[in-house]
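Note sheet for the following structure.
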Amino acid sequence: MDIITTLRQDYAKFPLDQSYEIYAEDVYFKDPLTQFRGLPRYRKTIEFIQTWFKNPHLELYEIDRVDRLITTRWLLSWNTPLPWHPRIEIPGKSELTLNDSDLIISHIDYWDRSPLDVLKQHFKISG
């Protein structure tokens, strides 16, 4: 199975049953809140989302590969486990860089909202 097909499947079932074998052991990850290196930490980040966020959903809008760069556009949403269960939405994109073996060596997420705007969503009480 090619990496684009695998990524489409992973996005559809996120954060469950992700295909960690498509990542290099020393994968670099960065988003507006954190950055780190290593597959074990990447797995723990996904497990955190699965454990603590309610109804997580990752909708894939676009995916494109040019040479060793895969770009995706998406919307990540979840309900935060606060008493009023606010629905948080972060539209953004990812840039995934591949090595010679087609393993992801870099995963950088860019949000279309500032971290402050994401934080503000937690204080809108849903009806």
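The closest side-chain heavy-atom distance from Y20 to V27 is not below 4.5 Å. Side-chain contact between I3 and L98: present, with at least one pair of heavy atoms (C-beta onward) separated by less than 4.5 Å. Put simply, the side chain of L76 does not reach to within 4.5 Å of the side chain of E89, judged on heavy atoms. Looking at heavy atoms from C-beta onward, T34 lies in side-chain contact with R41 at the 4.5 angstrom threshold. The closest side-chain heavy-atom distance from P91 to R113 is below 4.5 Å. The shortest side-chain heavy-atom distance between I104 and L7 falls under the 4.5 Å cut-off. Within the 4.5 Å cutoff, no side-chain heavy atoms of W78 are placed close to those of I49. Contact annotation: the side chain of W74 approaches that of S94 to within less than 4.5 Å [non-hydrogen atoms, C-beta and beyond].
More than 12 heavy atoms of other residues, nucleotides or ligands lie within 6.0 Å of NZ in K13, so this atom counts as buried by the packing criterion.
The salt bridge (Lys or Arg N to Asp or Glu O under 4.0 Å) analysis of residues 15-34, with sequence neighbours excluded, yields no pairs.
Within the model, atoms CG of L60 and CZ of R8 stand 6.0 Å from one another, a figure rounded to the nearest 0.5 Å. Taking CD from Q50 and CZ from F14, the interatomic distance works out to 9.0 Å, rounded to the nearest 0.5 Å. Distance check: Q121 CD to D117 CG gives 8.0 Å after rounding to the nearest 0.5 Å. Between the CD1 atom in I63 and the OG1 atom in T5 there is a gap of 8.5 Å [rounded to 0.5 Å].
Hydrophobic cluster membership for Y110: Y28, I108 (Ile, Leu, Val, Met, Phe, Trp, Tyr linked by side-chain heavy atoms under 4.5 Å, directly or transitively). Grouping Ile, Leu, Val, Met, Phe, Trp and Tyr by side-chain contacts under 4.5 Å, direct or through others, puts L75 with Y61. Side-chain heavy-atom separations under 4.5 angstrom define the hydrophobic clusters, and L69 shares its cluster with no other residue.
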Identify each donor-acceptor pair in which a side-chain atom of residues 51-59 lies under 3.5 Å from a protein atom, sequence neighbours left out, and give them as a table.
{"residue": "T51", "atom": "OG1", "partner": "E47", "partner atom": "O", "Å": "2.8"}
{"residue": "N55", "atom": "ND2", "partner": "N79", "partner atom": "OD1", "Å": "3.2"}

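Under a 4.0 Å N-O distance rule, the pair K93/E95 qualifies as a salt bridge. A salt bridge does not link R68 to D102: none of the charged nitrogens lies less than 4.0 Å from a carboxylate oxygen. In this structure, R65 does not pair ionically with D2, as no charged nitrogen and carboxylate oxygen lie closer than 4.0 Å.
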> Are D64 and T71 close enough, and set up right, to give a side chain to side chain donor-acceptor pair (under 3.5 Å), and what steps lead you there?
Replying inline: CA-CA 5 Å; D64 187 45; T71 304; 5.9 Å; no
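The nearest pair of heavy atoms linking R87 to S77 is NH2-OG, 2.8 Å. Nearest heavy atoms, W84 versus H122: NE1-O, 2.7 Å. Scanning all heavy atoms of the two residues, the minimum distance from I105 to A24 falls at CG2-CB, 3.8 Å.
Applying the ring-ring contact (aromatic ring centres under 6.0 Å, His included) test to F36 and every residue at least two apart in sequence or in another chain returns F29.
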